[in-house]
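First the structure, in the form of structure tokens, and then the observations on it.
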Amino acid sequence: MNLKDVLSPLYVWKRAFEKPYTIRTEKEPRPGADRYRGFHQNDTEKCIGCGSCAEICQNESIDMIPVSETKDGDSGLRPRIDYGRCCWCALCVDICPSSSLTMSNAYTWIEEGLDKDTRETFCFTPGVDEKPWDNDEKGYRRPDGYDLSLLERVEMEELSPAERVTSFIEMVKGFSKEQAKREADRCIECGICTATCPGHMDIPGYIRAIREDDIEKGIEILYKTNPLPGVCGRICTRRCEDVCSLSLRGEAVSIRWLKRYLTDSAEAGKYRDLLHDEVVSSGKKVAIVGTGPGGLSAAYYLLRMGHEVEIFEQNEAAGGMLRYGIPEYRLPYGSLDNDINFIIELGAKLHLNTKVGKDISFDKLYKEFDAIFTSVGLTDSYKIGIEGEELPGVTTGLTVLKAVTMGQDPKLGDHIVVIGGGNVAMDAARTARHLGVDVTVVYRRRLEDMPADSDEIKEAIEENVEFITQGIPLKIEEGANGKLNFIWGKAEMVDNGSGKRPSPVLIEGSREVMEVTKVIAAIGQGANYGWLEGETTKQVKLGKRNIEADRWGKTDDPKIYVGGDMFNKTADAISAIADGHRSARAIDSYLAGEEYPKDRF
Amino acid sequence: MKTIYEDLNKRFTMSGYKQQRDDLAFVTVDKDQLVNAITYLKDYHKFTHLAFVTAVDWLEENEFQITYLLHNYELKVDLGLKVRLDRDNPTMDTIHHLWKQARVYQRELHEMFGIDFPGSPGVNDPMILESWEGPPPMRRDFDTKKYSEETYDHRERQHIEPEDHLRKQLYPED
């Protein structure tokens, strides 16, 4: 043994005073780079639970789990990430439509206890399960100017305001095939729209059909939940577009125009070939009162279920408000007729000029048919409630619209005033502009409070309709040369506290006079139940606003069902169509001796 | 480069010469002549360095392609030699006698693509896939998801489709 052998173990000790190379990650963490892709952060207030992150994840590491309350446009689900599967690629951050999902630059997480379930240690819901990096500023964000989603719409060509007021030609030109496919490409198929649509149309499904250029399949999908797609492709209130997840950062997919593209691209005569399922006759008869969207929808589905259908309409043509309430430049009669004719061709017996309660009694229907579906809408225009309303020059929006539909001259003169801010008011005002009449709209509240579709308001302004907001009608007097003096006052908006909309209050002493040729009232409509008479209607209860019925439209008499504006609160075409579909299924179950349908839409 | 190729072309059956850059070219050689061609390039044209050996799976053509990249330090040029093999019987002559390190590449190709190099030392030993029981994972017909589902345990997903959930909550009866 030499000296070196004795000393060499001691050399190790010289290292004792040097800085160790060991990195103590727990006590002295080394931060990740500024844009490092570390653990996720989620702004749960911004997140709408659309599930695009879960969809794009290549490793199925994201589960959508229920966290908060479900509301319009928010599924209430939030992404939970399994870090045993996550590969930190950040596609979830890049696709996130709301930009709520980001990544911090934190990359270490130490958890005590090997006995824990891996679900507790490896998986968590960012933003819900609190973590130290929740509010870190650093980390990965989607870079500016880089986007997986196409945020801008393919522009829809329209007639210019100057062109369109000269006639009643449809103002929206519709998509070409290339435009439609490009627009369809934008959809990320989250399905928030389907859930929100009252009719639950499979929107991502038919948009996919457009992308794949399979028009027939698209039409087939449309008819599963909506037998008036040509109508809805033009005038739908499109709540789907309001909740489209792309609208959070960009423009919603033009769902309505894509639907229109499908119906415009298919030959009307070929629809029947697309319905593959066989219809087995049930031998039951159902009467339908009213040929608006609710009645037509119920008729279609009842026919498809094998029941005999007879429809009763008081006017000389079917369509209800679709025909007599919506102007031709928004919904050409040809498009409406296409949809209606197809339903009639399937075997519905249509009785025109037949008013139930006058030409045929409700009792008779009740006795002759196995079930009755009624959807007659809201037909009685509300009164303005001011002096002079009975003067001959005062009429309603619906009267004007119906006259124009029937090809009559509504005799408006050269300057009219329209009272109201809803869609009927806009339609009446714009119809008058198309007839070359000067129009002033008087509305009680502000422009942003108007219940009319924002597009309609915008287009009315483009067509030089004059708007007087916060104007309260006071009186109508006879003026010179057969004209009317419309007297109104300016209002101020009075705050009603949070959650309530402010109400207009007349400024004392304010009084303006406008000389007009006609006054058109369009401040809403109520129901008229005059026709609902007879022995057999005793069990049907009338509520404050509408007929009392359950969610299926079933009244206290299981033979009588209601739907449409006289039943639902939203009062639009798609809700009526959904009502018709829902009641048709309930009627089908009732006729088969079952209480309620078991399957969902 | 061109002159080297012309010289090669006189001696060996070659096709598809492609000059990718001034200092990089590729050429496809007959399978039987490959080792001869590489030896000739190494001994006479001073391509003394083997940069790498790699493979491509041409599934649709039922062929594998092996690419050998050689480097010449004097001219500072690279020449890639490509060879096509039958995918059903993927066997290639070894070149480990020319460059010792070739056996590592060959062992890797055997593991990842299932290409055999008879005589190459340790070619059957696993490199990273210890106790691997599936097909060679770099083959394009290898289904990663299927293999992982069959081989490993999974935490069950708790995923709920947003569309269904939203609809059930907003319209329970529909």
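A note on names: the letters A, B, ... follow the listed sequences, proteins ahead of strands, and every chain is numbered from 1. Atom set for the values below is all heavy atoms of this structure, side chains included, hydrogens, waters and symmetry mates excluded.
- With values rounded to the nearest 0.5 angstrom, B/Glu163 atom CD is found 9.5 Å from A/Thr196 atom OG1.
- Counting heavy-atom neighbours within 6.0 Å of B/Asp22 CG, excluding the residue itself, gives a total of 12 or less.
- Heavy-atom distances place the backbone of A/Ile62, and not its side chain, under 4.5 Å from chain B.
- Annotation for B/Pro162 and A/Gly49: closest pair CB-O, 3.3 Å, computed over non-hydrogen atoms.
- Crowding of B/Met138 atom CE: a count of heavy atoms from other residues, nucleotides or ligands under 6.0 Å not exceeding 12.
- By the neighbour-count criterion of 12 heavy atoms within 6.0 Å, atom CD of A/Glu45 is sparsely surrounded, having that number or fewer from other residues, nucleotides or ligands.
- More than 12 non-hydrogen atoms from other residues, nucleotides or ligands lie less than 6.0 angstrom from CD of A/Glu189.
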Just distance, no hydrogens or angles: give the donor-acceptor pairs under 3.5 Å from side chains in residues 115-134 of chain B, sequence neighbours left out.
unit_1, atom_1, unit_2, atom_2, d
B/Ser120, OG, B/Gln106, NE2, 3.0
B/Trp132, NE1, B/Gly134, O, 3.0
B/Trp132, NE1, B/Pro135, O, 3.0

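- The environment of CD in B/Glu61 is crowded: more than 12 heavy-atom neighbours from other residues, nucleotides or ligands sit within 6.0 Å.
- Not a single donor-acceptor pair under 3.5 Å links the side chain of A/Arg80 to the backbone N or O of B/His159.
- Within 6.0 Å of atom CD in A/Glu595, 12 or fewer heavy atoms from other residues, nucleotides or ligands are found, so the atom counts as exposed in its surroundings.
- Remark: A/Thr70 OG1 to B/Arg167 CZ distance equals 14.0 Å, nearest 0.5 Å.
- In this structure, the separation between NE2 on B/His165 and CE on A/Met64 is 9.5 Å, given to the nearest 0.5 Å.
- Heavy atoms of A/Glu69 lying under 4.5 Å from chain B are absent altogether.
- If you measure heavy-atom distances from A/Asn59 to chain B, you find no contacts under 4.5 Å at all.
- With A/Ser75 as the partner, the side chain to side chain contact (heavy atoms under 4.5 Å, CB included) test is satisfied by one option alone out of B/Ile160, B/Asp164, B/Leu166: B/Leu166.
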